[in-house]
Amino acid sequence: MMNEVKNKAAAPPVQKGGSYEIDISGFGHSGEGVGRINEFTVFVPYVLPAERILVKITEVKRNFARGRLVKLIKKSPDRTEPVCPVYYRCGGCQLQHLNYQAQLAAKRRLVVDAVTRIGNLPNIEVKPAIGAPNPLYYRNKMQFPVSNSANGKVKVGCYAKGTHEVIDTSHCFIQSQVNNDIACIVKELVQDLGISIYDEQTGNGSIRHVLGRVGTATGEVMVVLITATDNLPYEDKIVSTLRQRIPGLASIQHNVNSKRTNVIFGEKTRVVWGKKAITDKLGDFIFQISARSFFQINPP
(Lines give C-alpha, C1' and ligand atoms only; values in the text may rest on other atoms or scores of the structure.)
Protein backbone atom coordinates (compact mmCIF):
# COMPACT_ATOMS: atom_id res chain seq x y z
CA MET A 1 0.00 0.00 0.00
CA MET A 2 2.82 2.41 0.90
CA ASN A 3 4.55 1.70 -2.45
CA GLU A 4 1.33 2.37 -4.38
CA VAL A 5 0.90 5.74 -2.66
CA LYS A 6 4.54 6.62 -3.28
CA ASN A 7 4.33 5.73 -6.99
CA LYS A 8 1.16 7.77 -7.42
CA ALA A 9 2.79 10.78 -5.75
CA ALA A 10 5.81 10.50 -8.05
CA ALA A 11 3.78 10.33 -11.28
CA PRO A 12 4.31 13.34 -13.58
CA PRO A 13 1.37 15.78 -13.59
CA VAL A 14 1.27 15.81 -17.43
CA GLN A 15 0.57 13.19 -20.06
CA LYS A 16 2.00 12.78 -23.54
CA GLY A 17 -0.47 14.21 -26.03
CA GLY A 18 -2.17 16.37 -23.41
CA SER A 19 -2.59 20.13 -23.77
CA TYR A 20 -1.99 22.56 -20.89
CA GLU A 21 -1.82 26.30 -20.28
CA ILE A 22 1.46 27.35 -18.67
CA ASP A 23 3.45 30.51 -17.93
CA ILE A 24 7.02 30.65 -19.23
CA SER A 25 9.46 31.80 -16.57
CA GLY A 26 12.92 31.39 -18.10
CA PHE A 27 15.21 29.83 -20.68
CA GLY A 28 16.84 26.41 -20.90
CA HIS A 29 20.46 26.11 -21.99
CA SER A 30 19.43 25.43 -25.61
CA GLY A 31 17.27 28.54 -25.80
CA GLU A 32 13.95 26.80 -25.22
CA GLY A 33 11.37 28.32 -22.88
CA VAL A 34 10.91 26.82 -19.42
CA GLY A 35 7.57 26.61 -17.61
CA ARG A 36 6.18 24.55 -14.74
CA ILE A 37 3.02 22.61 -14.04
CA ASN A 38 2.70 21.78 -10.34
CA GLU A 39 6.47 22.41 -10.01
CA PHE A 40 7.10 19.94 -12.85
CA THR A 41 9.41 21.40 -15.52
CA VAL A 42 8.26 21.64 -19.13
CA PHE A 43 10.59 22.72 -21.97
CA VAL A 44 9.00 24.37 -25.01
CA PRO A 45 10.97 25.76 -28.00
CA TYR A 46 10.25 29.18 -29.54
CA VAL A 47 8.57 30.69 -26.47
CA LEU A 48 9.81 33.44 -24.18
CA PRO A 49 9.76 34.39 -20.49
CA ALA A 50 6.61 36.34 -19.49
CA GLU A 51 4.54 34.55 -22.11
CA ARG A 52 1.49 32.40 -21.38
CA ILE A 53 0.98 29.57 -23.84
CA LEU A 54 -1.05 26.51 -24.66
CA VAL A 55 1.41 23.63 -24.98
CA LYS A 56 0.94 20.08 -26.26
CA ILE A 57 3.18 17.58 -24.47
CA THR A 58 5.32 15.54 -26.87
CA GLU A 59 7.63 13.73 -24.43
CA VAL A 60 7.43 12.91 -20.72
CA LYS A 61 10.40 11.92 -18.59
CA ARG A 62 10.64 11.27 -14.86
CA ASN A 63 11.73 14.82 -13.97
CA PHE A 64 10.67 16.92 -16.97
CA ALA A 65 8.60 17.04 -20.13
CA ARG A 66 8.93 18.57 -23.58
CA GLY A 67 6.16 20.14 -25.60
CA ARG A 68 5.36 22.22 -28.66
CA LEU A 69 3.62 25.56 -28.84
CA VAL A 70 -0.06 25.30 -29.83
CA LYS A 71 -1.23 28.83 -29.06
CA LEU A 72 0.38 32.02 -27.83
CA ILE A 73 -2.09 33.35 -25.23
CA LYS A 74 0.03 36.25 -23.91
CA LYS A 75 2.96 37.57 -25.95
CA SER A 76 6.25 38.94 -24.58
CA PRO A 77 7.06 42.56 -25.55
CA ASP A 78 10.54 41.26 -26.46
CA ARG A 79 9.21 38.90 -29.16
CA THR A 80 10.23 39.80 -32.70
CA GLU A 81 9.83 38.37 -36.20
CA PRO A 82 12.83 36.20 -37.17
CA VAL A 83 14.82 37.56 -40.10
CA CYS A 84 15.40 34.07 -41.53
CA PRO A 85 12.52 32.51 -43.51
CA VAL A 86 13.49 28.94 -42.49
CA TYR A 87 14.18 29.76 -38.81
CA TYR A 88 11.38 27.66 -37.36
CA ARG A 89 12.44 24.62 -39.44
CA CYS A 90 16.22 24.95 -39.22
CA GLY A 91 18.20 23.89 -36.15
CA GLY A 92 21.03 26.39 -36.65
CA CYS A 93 19.66 29.24 -34.49
CA GLN A 94 17.65 29.30 -31.28
CA LEU A 95 16.72 32.89 -30.38
CA GLN A 96 15.86 34.82 -33.53
CA HIS A 97 12.33 35.29 -32.15
CA LEU A 98 13.84 37.36 -29.30
CA ASN A 99 15.04 40.92 -29.98
CA TYR A 100 18.79 41.41 -29.78
CA GLN A 101 18.95 43.54 -26.62
CA ALA A 102 16.82 40.96 -24.82
CA GLN A 103 19.14 38.22 -26.12
CA LEU A 104 22.09 40.00 -24.49
CA ALA A 105 20.18 40.31 -21.21
CA ALA A 106 19.27 36.60 -21.35
CA LYS A 107 22.91 35.63 -21.88
CA ARG A 108 23.94 37.73 -18.88
CA ARG A 109 21.20 36.06 -16.80
CA LEU A 110 22.60 32.60 -17.67
CA VAL A 111 26.00 33.70 -16.34
CA VAL A 112 24.45 35.23 -13.19
CA ASP A 113 22.52 32.01 -12.50
CA ALA A 114 25.63 29.88 -13.01
CA VAL A 115 27.76 32.04 -10.72
CA THR A 116 25.20 32.42 -7.94
CA ARG A 117 23.28 29.11 -7.94
CA ILE A 118 25.93 26.67 -9.15
CA GLY A 119 29.05 28.51 -8.04
CA ASN A 120 27.46 29.78 -4.80
CA LEU A 121 29.13 33.18 -5.26
CA PRO A 122 26.33 35.72 -4.65
CA ASN A 123 28.54 38.81 -4.49
CA ILE A 124 30.22 38.54 -7.89
CA GLU A 125 29.34 41.40 -10.25
CA VAL A 126 28.30 40.27 -13.71
CA LYS A 127 28.36 43.24 -16.07
CA PRO A 128 26.03 43.62 -19.07
CA ALA A 129 26.89 41.60 -22.16
CA ILE A 130 28.59 43.60 -24.90
CA GLY A 131 26.68 43.27 -28.13
CA ALA A 132 28.06 43.08 -31.66
CA PRO A 133 27.71 46.10 -33.97
CA ASN A 134 25.90 43.72 -36.35
CA PRO A 135 24.59 40.43 -34.92
CA LEU A 136 24.22 38.97 -38.45
CA TYR A 137 26.73 37.63 -41.01
CA TYR A 138 29.43 37.08 -38.37
CA ARG A 139 30.42 33.40 -38.70
CA ASN A 140 33.76 32.86 -40.42
CA LYS A 141 33.29 29.07 -40.57
CA MET A 142 30.53 27.12 -42.31
CA GLN A 143 30.15 23.34 -42.33
CA PHE A 144 26.94 22.17 -44.00
CA PRO A 145 25.80 18.63 -44.80
CA VAL A 146 24.79 17.78 -48.37
CA SER A 147 21.62 15.81 -49.03
CA ASN A 148 19.04 14.85 -51.66
CA SER A 149 15.44 16.05 -51.53
CA ALA A 150 12.46 13.91 -52.49
CA ASN A 151 12.29 15.57 -55.93
CA GLY A 152 15.97 14.92 -56.65
CA LYS A 153 17.18 18.45 -55.94
CA VAL A 154 20.41 18.85 -53.97
CA LYS A 155 20.10 20.40 -50.51
CA VAL A 156 22.90 22.12 -48.58
CA GLY A 157 22.23 23.62 -45.14
CA CYS A 158 21.70 22.92 -41.46
CA TYR A 159 19.92 19.96 -39.94
CA ALA A 160 16.40 20.44 -38.67
CA LYS A 161 16.41 20.40 -34.87
CA GLY A 162 16.80 16.88 -33.46
CA THR A 163 16.95 15.25 -36.91
CA HIS A 164 19.26 14.61 -39.84
CA GLU A 165 16.88 16.25 -42.29
CA VAL A 166 18.83 18.92 -44.16
CA ILE A 167 17.03 22.27 -44.45
CA ASP A 168 18.15 23.81 -47.73
CA THR A 169 19.71 27.18 -46.96
CA SER A 170 20.59 29.42 -49.86
CA HIS A 171 21.23 32.41 -47.60
CA CYS A 172 22.16 31.86 -43.95
CA PHE A 173 21.84 35.13 -42.05
CA ILE A 174 24.58 34.34 -39.52
CA GLN A 175 27.17 33.14 -42.04
CA SER A 176 29.59 35.44 -43.84
CA GLN A 177 28.42 36.12 -47.38
CA VAL A 178 31.48 34.32 -48.76
CA ASN A 179 30.45 31.12 -46.98
CA ASN A 180 26.92 31.48 -48.35
CA ASP A 181 28.41 31.80 -51.83
CA ILE A 182 30.51 28.67 -51.32
CA ALA A 183 27.47 26.65 -50.23
CA CYS A 184 25.44 27.78 -53.25
CA ILE A 185 28.25 27.15 -55.76
CA VAL A 186 28.98 23.67 -54.40
CA LYS A 187 25.26 22.85 -54.49
CA GLU A 188 25.15 23.90 -58.15
CA LEU A 189 28.21 21.79 -58.97
CA VAL A 190 26.86 18.69 -57.24
CA GLN A 191 23.52 19.10 -59.04
CA ASP A 192 24.90 19.90 -62.49
CA LEU A 193 27.70 17.31 -62.47
CA GLY A 194 25.54 14.57 -60.96
CA ILE A 195 27.95 13.92 -58.11
CA SER A 196 26.58 11.17 -55.87
CA ILE A 197 25.57 12.21 -52.36
CA TYR A 198 26.41 10.12 -49.31
CA ASP A 199 23.47 8.19 -47.88
CA GLU A 200 23.64 7.70 -44.11
CA GLN A 201 21.35 4.66 -44.27
CA THR A 202 23.22 2.68 -46.95
CA GLY A 203 26.72 4.13 -46.67
CA ASN A 204 26.76 4.66 -50.46
CA GLY A 205 27.56 7.86 -52.30
CA SER A 206 30.38 10.36 -52.28
CA ILE A 207 29.99 13.95 -51.02
CA ARG A 208 29.02 14.41 -47.36
CA HIS A 209 29.80 17.97 -46.25
CA VAL A 210 31.08 21.29 -47.54
CA LEU A 211 33.15 23.54 -45.31
CA GLY A 212 34.05 27.18 -45.85
CA ARG A 213 36.43 29.34 -43.83
CA VAL A 214 37.22 33.01 -44.30
CA GLY A 215 39.84 35.15 -42.61
CA THR A 216 37.81 38.04 -41.26
CA ALA A 217 40.82 40.39 -41.14
CA THR A 218 42.61 39.10 -44.26
CA GLY A 219 39.83 38.02 -46.64
CA GLU A 220 41.58 34.70 -47.37
CA VAL A 221 39.13 31.89 -48.11
CA MET A 222 39.33 28.11 -47.75
CA VAL A 223 36.96 25.47 -49.15
CA VAL A 224 37.00 21.89 -47.87
CA LEU A 225 34.93 19.13 -49.47
CA ILE A 226 34.35 16.03 -47.35
CA THR A 227 33.59 12.80 -49.20
CA ALA A 228 33.07 9.16 -48.28
CA THR A 229 35.15 8.18 -51.32
CA ASP A 230 38.94 8.35 -51.68
CA ASN A 231 38.61 10.43 -54.84
CA LEU A 232 36.99 13.83 -55.27
CA PRO A 233 34.66 13.50 -58.29
CA TYR A 234 35.17 16.08 -61.07
CA GLU A 235 38.09 17.55 -59.16
CA ASP A 236 39.42 19.72 -62.01
CA LYS A 237 35.99 21.19 -62.75
CA ILE A 238 35.34 21.94 -59.08
CA VAL A 239 38.72 23.64 -58.69
CA SER A 240 38.35 25.79 -61.80
CA THR A 241 34.79 26.86 -60.91
CA LEU A 242 35.65 27.79 -57.31
CA ARG A 243 38.73 29.72 -58.42
CA GLN A 244 36.68 31.69 -60.93
CA ARG A 245 33.79 32.50 -58.61
CA ILE A 246 35.21 32.90 -55.07
CA PRO A 247 37.19 36.14 -54.53
CA GLY A 248 40.07 35.71 -52.08
CA LEU A 249 40.17 31.93 -52.50
CA ALA A 250 43.51 30.70 -51.15
CA SER A 251 42.95 26.99 -50.45
CA ILE A 252 40.86 24.07 -51.71
CA GLN A 253 41.14 20.84 -49.73
CA HIS A 254 39.65 17.35 -49.80
CA ASN A 255 38.93 15.34 -46.67
CA VAL A 256 37.98 11.64 -46.72
CA ASN A 257 35.58 10.23 -44.14
CA SER A 258 34.47 6.73 -45.12
CA LYS A 259 33.18 5.75 -41.66
CA ARG A 260 29.51 5.27 -40.77
CA THR A 261 29.57 8.07 -38.24
CA ASN A 262 28.09 11.49 -37.43
CA VAL A 263 31.60 12.95 -37.13
CA ILE A 264 32.21 15.37 -39.99
CA PHE A 265 35.93 14.94 -40.65
CA GLY A 266 37.94 11.84 -41.46
CA GLU A 267 41.64 11.45 -40.72
CA LYS A 268 42.97 12.12 -44.24
CA THR A 269 43.06 15.67 -45.64
CA ARG A 270 44.96 16.75 -48.75
CA VAL A 271 45.47 20.11 -50.41
CA VAL A 272 43.88 20.06 -53.86
CA TRP A 273 44.88 23.61 -54.76
CA GLY A 274 46.54 26.54 -52.99
CA LYS A 275 47.81 26.76 -49.43
CA LYS A 276 47.53 24.35 -46.50
CA ALA A 277 46.28 27.11 -44.18
CA ILE A 278 44.73 30.56 -44.41
CA THR A 279 45.77 33.53 -42.30
CA ASP A 280 43.72 35.61 -39.90
CA LYS A 281 44.39 38.03 -37.06
CA LEU A 282 43.15 38.65 -33.53
CA GLY A 283 44.54 42.00 -32.36
CA ASP A 284 48.28 41.94 -33.02
CA PHE A 285 48.44 38.15 -33.27
CA ILE A 286 48.57 36.31 -36.60
CA PHE A 287 47.14 32.79 -36.90
CA GLN A 288 47.53 30.06 -39.50
CA ILE A 289 44.18 28.26 -39.73
CA SER A 290 44.13 24.77 -41.19
CA ALA A 291 41.07 22.80 -42.33
CA ARG A 292 40.49 21.08 -39.00
CA SER A 293 41.86 23.62 -36.52
CA PHE A 294 39.76 25.53 -34.02
CA PHE A 295 39.48 29.29 -34.36
CA GLN A 296 37.07 31.80 -32.86
CA ILE A 297 34.13 32.00 -35.28
CA ASN A 298 33.34 35.63 -34.42
CA PRO A 299 36.72 37.44 -34.20
CA PRO A 300 35.39 41.01 -33.71
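Below, all heavy atoms of this structure are taken into account, side chains as well, without hydrogens, waters or symmetry copies.
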Heavy atoms of other groups near R62 CZ, more than 12 under 6.0 Å: no
Residues which pass salt bridge (charged side-chain N to carboxylate O under 4.0 Å, His left out) with D192, listed by chain and number, not counting sequence neighbours: none
Residue pairs, two or more places apart or on separate chains, that pass ring-ring contact (aromatic ring centres under 6.0 Å, His included) and touch residues 56-94: F43-F64, Y46-Y87, Y46-Y88, Y87-H97
Any donor-acceptor N/O pair, Q253 side chain to K276 backbone, under 3.5 Å: yes
R108 side chain to V126 backbone, donor-acceptor under 3.5 Å: yes
Show the atom names and distances, to 0.1 Å, of all donor-acceptor pairs under 3.5 Å that link a side chain in residues 133-142 to residues at least two apart or in another chain.
from : atom 1 : to   : atom 2 : distance (Å)
N134 : OD1    : L136 : N      : 3.1
Y137 : OH     : H171 : NE2    : 2.8
R139 : NE     : K141 : O      : 3.4
N140 : ND2    : Q296 : O      : 3.0

I37-L69 co-clustered via ILVMFWY side chain contacts under 4.5 Å: yes
In one Ile/Leu/Val/Met/Phe/Trp/Tyr side-chain cluster, 4.5 Å: I182, L232: yes
K187 side chain vs V156 backbone, donor-acceptor pair below 3.5 Å: no
Short side-chain to backbone donor-acceptor contact, T241 and I238, under 3.5 Å: no
Transitive ILVMFWY side-chain link Y198 to V210, under 4.5 Å: no
Short N-O contact, E188 and R245, less than 4.0 angstrom: yes
Residues that E51 engages under salt bridge (charged side-chain N to carboxylate O under 4.0 Å, His left out), provided they are two or more places apart: R79
Residues which pass ring pair (Phe, Tyr, Trp, His ring centres under 6.0 Å) with Y234, listed by chain and number, not counting sequence neighbours: none
Residues forming a ring pair (Phe, Tyr, Trp, His ring centres under 6.0 Å) with F295, sequence neighbours excluded: F287
Expected output: side-chain Q191 to main-chain V154 donor-acceptor under 3.5 Å: yes
Residue pair D280 / T218, side-chain donor-acceptor N/O under 3.5 Å: no
Of all pairs that satisfy salt bridge (Lys or Arg N to Asp or Glu O under 4.0 Å), the ones with a partner from residues 112-130, not counting sequence neighbours: R109-D113
Minimal non-hydrogen separation, I57 against Q15, with atom names: CB-O, 3.4 Å
S25 (side chain) donor-acceptor with V34 (main chain) under 3.5 angstrom: yes
Residues forming a side-chain contact (heavy atoms from CB on, under 4.5 Å) with A129, sequence neighbours excluded: L104
Contact check, side chains of V166 and F144, non-hydrogen atoms, under 4.5 Å: no
Side chain to side chain, C93 and I174, heavy atoms closer than 4.5 Å: yes
Any donor-acceptor pair under 3.5 Å from N38 side chain to F40 backbone: no
Ring pair (Phe, Tyr, Trp, His ring centres under 6.0 Å) involving F27 - partner list, sequence neighbours excluded: none
Atom of A106, atom of L98 and distance for their closest heavy-atom approach: CB-CD2, 4.5 Å
Min side-chain heavy-atom separation S240-W273 under 4.5 Å: no
Atom CG of N151 with >12 non-hydrogen neighbours under 6.0 angstrom: yes
Side-chain donor or acceptor of T169 paired with backbone N/O of I167 under 3.5 Å: yes
N/O donor-acceptor pair under 3.5 Å between R208 side chain and I264 backbone: no
Over 12 non-hydrogen atoms of neighbours within 6.0 angstrom of CZ in R89: no
With sequence neighbours excluded, residues passing ring pair (Phe, Tyr, Trp, His ring centres under 6.0 Å) with Y100: none
N/O donor-acceptor pair under 3.5 Å between N255 side chain and I226 backbone: no
Atom NZ of K275: over 12 foreign heavy atoms under 6.0 Å: yes
Hphob cluster co-occupancy, I185 + V224, side-chain heavy atoms under 4.5 angstrom: no
Residues in salt bridge (charged side-chain N to carboxylate O under 4.0 Å, His left out) contact with D236, at least two apart in sequence or another chain: none
Single-linkage hydrophobic cluster, 4.5 Å side-chain cutoff, V178 and I289 together: no
By salt bridge (charged side-chain N to carboxylate O under 4.0 Å, His left out) - contacts of E235 (at least two apart): R270
